[in-house]
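Residue numbering restarts at 1 for every chain, and letters A, B, ... go by the order of the sequence lines.
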Protein chains: 2
Amino acid sequence: MATAETKNVVILGAGFAGISLARELGRLTKKTPSIQVHLVNQENYFVFQPMLPEVVSCAIEPSHILNPIRHLCPTAAFHQATITGIDLTSQKVRLAGIDSRQPRELPYDHLVISLGLAMNLSGVPGMTEHALPLKTLGDAFHLRNHVISRLEEADSESDAERRKTLLTFVTIGGGFSGVETAAAINDMVKSVLRFYPQAQETGARMILIHSREYILQELEAGLGEFATQKLQERGVEVRLLTTVKAITSNKVVLSTEERISARTVICTVGNAPHPLMTSLPLSQERGRILVDATLQVTGTTNLWALGDAALVPVSGGSGYCPPTAQYAMRQGRHGARNILAELAGGPLKPFRFGGYGQMALIGRHCGIAKVFGVRLYGLFAWALWRSLYLMKLPSFRSKARVAIDWMFEILFPRDITKMAVERTEQVNHAHFQQGDIIIQQGEIGDLFYIIESGEVEIVRQSPGKPEEQLAKRSAGDSFGELALLQDVARTATVRCLTPVNVISFNRKDFLQLTGSSHLFKTHMKNELAIMEKQEKVLNAEPPTPSPQNPCA
Amino acid sequence: MATAETKNVVILGAGFAGISLARELGRLTKKTPSIQVHLVNQENYFVFQPMLPEVVSCAIEPSHILNPIRHLCPTAAFHQATITGIDLTSQKVRLAGIDSRQPRELPYDHLVISLGLAMNLSGVPGMTEHALPLKTLGDAFHLRNHVISRLEEADSESDAERRKTLLTFVTIGGGFSGVETAAAINDMVKSVLRFYPQAQETGARMILIHSREYILQELEAGLGEFATQKLQERGVEVRLLTTVKAITSNKVVLSTEERISARTVICTVGNAPHPLMTSLPLSQERGRILVDATLQVTGTTNLWALGDAALVPVSGGSGYCPPTAQYAMRQGRHGARNILAELAGGPLKPFRFGGYGQMALIGRHCGIAKVFGVRLYGLFAWALWRSLYLMKLPSFRSKARVAIDWMFEILFPRDITKMAVERTEQVNHAHFQQGDIIIQQGEIGDLFYIIESGEVEIVRQSPGKPEEQLAKRSAGDSFGELALLQDVARTATVRCLTPVNVISFNRKDFLQLTGSSHLFKTHMKNELAIMEKQEKVLNAEPPTPSPQNPCA
């Protein structure tokens, strides 16, 4: 594909910016087979984030706001993969596939970074552990299930105090996402409570905590006050000029020293750089890459950044474009045209867009909006929100699905299934036959193994030399530690000498164990010391294998 | 609720039998407030199992075949809980709620067991580890995601041999479930392959393995041969009179010594008793409870069993009713009337039902059926299947959802989103404040803790005595082991002396570790020996607490 003629445009991240860039490039290069667009994303779908609060509140089914990327961008080569590194010098992106064993490289002529932002919940003690974020589909799914579980539990709980704790829902952050989430869950809980007779007697409590003087500060004080009033009318308690000091599994401590007993705390504040950003030698401000008005990373000719991941200067003004869907989509389309201009040697155009305005839902049949400077309130703003966002959904299929969901909302009681998606028996045991390879030298190490039964041999393959056996391992022994700790490819192959049963642990489980338990730490330090010594011997020439502690 | 007047009917399990029993009881006891129906189920929804293969093949969205139990049975008291025990003597069912900390008891006057059957994958080496079952919604969801992941991987895989392995799908079992699953996945993979250009070049392979002479042996040879022929026409390879010898992560070894390289093996055979059944002193045959023709457990007057969990004699013949939905629903309705007759002191009636017939889908627009002795083939049988099962869906909402899905199937390309439902950051870290209680004496022990920072005290509360401090624990120490290993309630309380951060492990992770690693086994044996010694001292009167190794 990377022939002298074909130019590879690689897009990292398929959010609003990445998808609209890929679609626009697809449209503009229909008759230009010499340009190949690659799109890399962790998931194989595009998720319509503005509707996540409605997924949480069971008004829309989770799957209905998803669109397969291969349907949306049929001309782009799609790669479902984790991006493990970006090499700006050799112009390559390193990828790990779904099962993350085979590392791959994707060369690029132009690289577009549209990875968005991540969540950072580490600001407050207990927030990482106990606050529920709402950023991805998984978060929405989890939060929806969490809320329903609390209702189920409350209905079976005989202790009144515990029942109250189970039925208290706290949302942190009075921005768009926080207000819409608090309003949506409030509507939902109140409409389904009649199916939970014991819980209904206790009643549910919804609290919104915001650090500023009024909520929705992106709009203006008047609209914020209207929103506060409407939320309060619907039973949401709003705490302004308040921050959170600590969160535990059953309470929230506020800056006012108020302690709220609650089992559900939703956090909608705290953006963080995408993990990849920290290692990139590009000018950044809090994880957002500085670009010039053409969306090109300043000082480069083949690097582009857009969407939430980029700091795009506002045309003819000061400051930067806000991290919203409407800017991201516009930037995507603009970026496509500038990349093609760059490839054709033509002039680049600056990005000019002032934004149409902003809208928020503050509950059933109630919204607020400021569009082209005009303020809208109540039912009309709500209807405008629904119509505009329905139009923005990227496929007819998705539009139809969501429209039907909104009809069902009128016709039927709201869904309260807590979807269990675990397999019948989730096991990380594995069975291998004699001669099977458990670990292949050179692959990325993602698992650590303990042998339950059987015997394996650890062998090393060197180019131009016969394979050498380094060691044998049997029941109760473990292997695979070194690659995990050092984040490198496997340095040896593990092959079964008999039928073998193993238990595997992934990197996260393993690092958690090694990082926290005295027991494991001490054990691993000793093992590592032996292994490293071994490693030195092995790397010396000529190799002198020892049967003791090779690393696999 | 359990007053002298009110009679409690407790139903365990909300499958076809349990749901139809609860609904019939609700209908018949509208004017009898003295009968309270309790329904206990692990999940808060009823799943329409016959449509699971269509969920796997992305023809129906997972959530559309779910119905909230609280919607279906509004008059029953619903308990979402795990059943931890049944005490036939004191007439109580022991439950653990969703967060499984507070044990509860539910007294009954009549107990109905309709728990269905579980899966047993342990017959063949490697089957538990590598074969995918299809029994629950979670299984269907997982299998759907698994199939899509293999397509995504295959499209990125450069090695032709590996690509073939990724695109080979093996189904074990030629009964209704196996045939419908193989046919559905075959249809799906072939219709979406055009979105995976690299994978399309290689092509997909679907293999069905069956131990008998013809598939669908519940019907008859002629229909089985027709089904085999149709499956083969659609590209499914059918291996008859063949069993599986072993399964590894990338191959299946058959009794014919054929080795099929495949990354997807679906298993639809191997029923096992529900785990609760093994501990019940009731006459059973392979986990199914023997009942008489009235659905009453032989020799009792207040115990009933129905659905797949029961062996119900066929009226006027020999043998037992087959474990199918139509029998389970009929038994549910019949059981309701017999329970009411028993409560009223009236005579019980025997269950009489001969079955209407059976149907199977063998791919798009093709089915077979034998209804009232008449054989049906092809398009007509397919249309009959869809109409009948659509009618059988228990709510109008669900009927509408599925009908719309079937319409969408015609209008749009099939969905290929691999829904990721993991939270942004899945952590089992927890933060506690000074004075917070991490473990409460008397609760069910489900977690084991390692302290990351801070200090806790372990205290014991005894009735009528002051609380006594047994020990302190700080960073790097662990607590909570004993209750996990012995499956009893917590014997002491753990309270924070400072703000504390811990990492928790659940029973499964923990037992896996302790059960397999030399390291952990030795450590735990030592710890246990000390703890048990301690335990003896503590249980002696007067109590002499020691600060060393109490159990929490």
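Among B:Lys418, B:Arg401, B:Gln198, the residue making the largest number of heavy-atom pairs under 4.5 Å with chain A is B:Arg401. Among B:Pro413, B:Ser395, B:Ala246, B:Ala140, the residue with the largest count of heavy-atom pairs under 4.5 Å with chain A is B:Pro413. If you tally non-hydrogen atom pairs under 4.5 Å between each of B:Ser158, B:Pro62, B:Pro125 and chain A, the highest count goes to B:Pro125. In terms of heavy-atom pairs under 4.5 angstrom with chain B, the leader among A:Phe396, A:Phe432, A:Tyr196 is A:Tyr196.
Aromatic ring pairs are classed by plane angle as parallel below 30°, tilted from 30° to 60° and perpendicular above 60°; the pair A:His64 and B:His64 is perpendicular.
Residue A:Ala118: no heavy atom, backbone or side chain, is found under 4.5 Å from chain B. Contact annotation for B:Asp415: both backbone and side-chain heavy atoms come within less than 4.5 Å of a heavy atom of chain A. Proximity to chain B involves both the backbone and the side chain of A:Gln433, based on heavy atoms less than 4.5 angstrom apart. Proximity to chain B (any heavy atom under 4.5 Å) is shown, for A:Pro74, by neither the backbone nor the side chain. Interface residue A:Val253: only side-chain heavy atoms are found under 4.5 Å from chain B. Only the backbone of B:Ile247 comes within less than 4.5 Å of a heavy atom of chain A; no side-chain atom from C-beta onward does. When heavy atoms are compared at a cutoff of 4.5 Å, A:Arg194 does not approach chain B at all. If you measure heavy-atom distances from A:Asn501 to chain B, the contacts under 4.5 Å come from the side chain alone.
Pairing each heavy atom of B:His71 with each of A:Arg414, the nearest pair is CE1-O, 3.1 Å. Taking each heavy atom of B:Ser156 and A:His79 in turn, the nearest pair found is OG-ND1, 4.4 Å. When all heavy atoms of A:His130 and B:His431 are compared, the pair lying nearest together is NE2-N, 2.9 Å. Looking at every heavy atom in both residues, B:Asn44 comes nearest to A:Ile416 through ND2-O, 2.8 Å.
Considering only heavy atoms from C-beta on, B:Phe78 stays 4.5 Å or farther from A:Phe195 through its side chain. Side-chain contact between A:Thr417 and B:Arg70: absent, with no pair of heavy atoms (C-beta onward) separated by less than 4.5 Å.
By the 6.0 Å and 45° rule, A:Arg397 does not stack over the aromatic ring of B:Phe408.
Shown here are the salt bridge (charged side-chain N to carboxylate O under 4.0 Å, His left out) partners of B:Lys251, two or more places apart in sequence or in another chain: A:Asp436. For B:Arg163, there are no salt bridge (charged side-chain N to carboxylate O under 4.0 Å, His left out) partners at least two apart in sequence or on another chain.
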